[in-house]
Amino acid sequence: MGDGPGKIQVFPDHFKASTPTEDPLEKNGSTASQPRTDNSLRSGHHFWNRRKLIHAASMLNLFSRPGLPWGSGTDDKVELTTVELESLRSEIADLEEKEAHLKAQLEHLDELLRSARLAGYLFIRTRWTALPGEPPIDDADVDDWLPRFVVLHGSCIFFYLMSTDLSPQDSTLLSDIVEVGPLPSFIREDEHTRYSFYILTRHGLRYECSSISEIQVGSWLAALRTDCKEEEEERSASRTVRTIISASKSSPLLAEGRAVAAATATSFRGKVPSSASFYGRAGSRSSSRGWISGALALPAAVCMLQEQEAHAAEMERTFIAIKPDGVQRGLIAEIISRFERKGFKLVAIKLIAPSKEFAQKHYHDLKDRPFFNGLCDFLSSGPVLAMVWEGEGVIKYGRKLIGATDPQKSEPGTIRGDLAVVVGRNIIHGSDGPETAKDEINLWFRPEELVSYTSHAEKWVYGVN
């Protein structure tokens, strides 16, 4: 090739401009009546020749992809061999796959920003509370603050490496948070003042969060305190409802009005003593007067008796599947034991070898993704252990037990963090929400395959003695 712009060989005949009848540069000038010379024509059309040359060079540069020989450059058209054409098609397919992945990331980010109560970057570091007998750890000089995209969504806090990640690196339930409070501000090497707060979970894990914005830190503190208080009130109401329903099974008198108490507890969170005192009166001689006064005080609850009772008494269920790699590696007992030790109850289980058509139904929401066929091929490559687990918060905390989709981003202690290495072989699947859990349970199990029973361990797990 020559030394022209973009190393494109220039053929003068191809870019020679036709000579106009009038020089546009001199159309309205004072020298319009002067005779034109060859030099004046060349200077007048130099601008147009240069524009055509640049345009042609830019068009030819589209075909100058690295690593592909495009011929000798002496012909007036580009000829490709079969190998070159297949190579170009392969590159185009890779670019389309990257485009699909980027679109998925943008959709994920858009969903986060639309549905989250709070979202934004915070500097995070984690600490574990020292166990009894352990010496205190002096980590004041350890500068391990890392930027994380934090999302407060529903009853869970999600921690992402970046805002465009498709799966969180870590998460914690609001129901597991026992304390939230401010920390002293400090100055880092960038000489910016950092305002900070902490989140302490019942497992002893402490998240320390900081930001250069005092307003941002204040917003997180206020939101977490409010949401954690509401979570605690909901748990208290739920425990009271279960106690009332359990007691009513042995008392015909209380059985008649137990739905009103369920509606009372769920409608007026934090006002459980009123329902308890109501049932205290119901057990006395003035039980009739207590029933009437309770019904008059809560006319709306009377209209929703059976529905409220069923909602309060029903435990949450989720679908969990050990994929072919987990079954073949002999990890069934290890995974089941983790859910059992947590306190969740197994209500359905079976070993099945799904067909590819069945796998396509399972992953129907991913059918437009470029990796859809690979997922279906893998799920149908061997036996799968399908299970349904039951318990409070089992959907959210089941995902926490499982870990992030990419094992490299899963925390130690999670199933994927301890037992998997690459995202294509991540051992286990778990429902990501109530609607998904319902659909997946209905897909994998018939209604009669689900067993409802009372576990003797529940009173020790939930505190209903």
Legend entry - Exceeds 12 heavy-atom contacts within 6.0 angstrom, atom NZ of K350: yes
Inset, instruction - Decide if atom NZ of K367 counts as having more than 12 heavy atoms of other residues, nucleotides or ligands within a radius under 6.0 Å. - result: no
Inset, instruction - For the pair E86 and R89, find out whether any cationic side-chain nitrogen is under 4.0 Å from an anionic carboxylate oxygen. - result: yes
Legend entry - Atom pair CD1 (I336) and CG (L331), whose distance is rounded to the nearest 0.5 Å: 11.0 Å
Inset, instruction - Check L173 against G393 and note the closest heavy-atom contact, atom names and distance. - result: CD1-O, 4.4 Å
Legend entry - Smallest separation among heavy atoms of S380 and D377, with atom names: OG-O, 3.3 Å
Inset, instruction - Look at the rings of H362 and H429 and say which category their plane angle falls in: under 30° parallel, 30 to 60° tilted, over 60° perpendicular. - result: perpendicular
Legend entry - Any donor-acceptor N/O pair, R369 side chain to A100 backbone, under 3.5 Å: no
Legend entry - For F378 against G424, the heavy-atom pair lying closest together: CE2-O, 4.0 Å
Inset, instruction - Can you measure from CH2 (W220) to CD1 (I157) and round to the nearest 0.5 angstrom? - result: 6.5 Å
Legend entry - Basic-acidic side-chain contact under 4.0 Å: K103, D368: no
Legend entry - Pairwise distance SG(C209) to OH(Y198) - rounded to 0.5 angstrom: 12.0 Å
Inset, instruction - Hey, could you give me each pair passing ring-ring contact (aromatic ring centres under 6.0 Å, His included) that has a residue in residues 386-410? Not counting sequence neighbours. - result: H203-Y397, F339-W389
Legend entry - Contact check, side chains of Q328 and P383, non-hydrogen atoms, under 4.5 Å: yes
Inset, instruction - Look at the side chain of R317 and the backbone N and O of V347, then say whether any donor-acceptor pair between them is shorter than 3.5 Å. - result: no
Legend entry - Donor-acceptor contact below 3.5 Å, side chain Y462 vs main chain E392: yes
Legend entry - K361/E357 salt bridge by N-O under 4.0 Å criterion: no
Inset, instruction - Kindly indicate whether the side chain of S115, heavy atoms from C-beta on, has any atom under 4.5 Å from the side chain of H153. - result: yes
Legend entry - Minimum side-chain heavy-atom gap L205-E411 below 4.5 Å: no
Legend entry - Where D418 and G413 come nearest, the two heavy atoms and their spacing: OD1-N, 2.9 Å
Inset, instruction - Take W444 and V384 through the test side chain to side chain contact (heavy atoms under 4.5 Å, CB included) and record every step on the way to the result. - result: CA-CA 11 Å; W444 288 80; V384 174; 4.1 Å; yes
Inset, instruction - Identify the heavy atoms of P184 and S196 that sit nearest to each other, and give their distance. - result: O-OG, 3.2 Å
Legend entry - Flag, side chain of E316 to backbone of V394, donor-acceptor distance under 3.5 Å: yes
Inset, instruction - Start with the C-alpha gap between T172 and D176, add the side-chain angles, then the distance that decides, and say whether side-chain hydrogen bond (donor to acceptor under 3.5 Å, both in side chains) holds. - result: CA-CA 7 Å; T172 188; D176 284 338; 5.0 Å; no
Inset, instruction - Taking E179 for its side chain and T201 for its backbone only, find out whether a donor-acceptor pair lies under 3.5 Å. - result: no
Legend entry - Donor-acceptor contact below 3.5 Å, side chain S90 vs main chain S87: no
Inset, instruction - Mind checking the CD1-CD1 spacing from I415 to I322? Nearest 0.5 Å is all I need. - result: 8.0 Å
Legend entry - Heavy-atom check, side chain of M162 versus side chain of F149, under 4.5 Å: no
Inset, instruction - Return yes if some donor-acceptor pair links the side-chain N/O of R416 with the main-chain N/O of I427 below 3.5 Å, else return no. - result: no
Legend entry - R117 and D227 ion-paired at < 4.0 Å: yes
Legend entry - side chain to side chain contact (heavy atoms under 4.5 Å, CB included) evaluation trace for I428 with K323: CA-CA 5 Å; I428 188 171; K323 298 179 182 180; 5.7 Å; no
Legend entry - P407 side chain reached by V421 side chain, heavy atoms, under 4.5 Å: no
Inset, instruction - Find the distance between CD1 (I212) and NE2 (H192) and round it off to the nearest 0.5 Å. - result: 6.0 Å
Legend entry - Any L224 side-chain heavy atom under 4.5 Å of L118 side chain: no
Inset, instruction - For a ring-ring contact (aromatic ring centres under 6.0 Å, His included) with Y207, tell me which candidate from W145, F123, F159 qualifies. - result: F159
Legend entry - Heavy-atom side-chain proximity of N426 to I402 below 4.5 angstrom: no
Legend entry - Check: T318 and K396 side chains under 4.5 Å, non-hydrogen atoms: no
Inset, instruction - Kindly say whether Y121 contributes a backbone atom to a donor-acceptor pair with the side chain of Q216 at under 3.5 angstrom? - result: yes
Inset, instruction - Kindly say whether R446 contributes a backbone atom to a donor-acceptor pair with the side chain of E449 at under 3.5 angstrom? - result: yes
Legend entry - K345 (side chain) donor-acceptor with Y453 (main chain) under 3.5 angstrom: yes
Inset, instruction - Would you give the length of the straight line joining atom CG of D170 to atom OH of Y160, rounded to the nearest 0.5 angstrom? - result: 11.5 Å
Legend entry - Heavy-atom closest contact (G391 atom, F344 atom, distance): CA-CD2, 4.0 Å
Inset, instruction - Answer yes when R127 and D144 have at least one side-chain N-carboxylate O distance shorter than 4.0 Å, and no when they do not. - result: yes
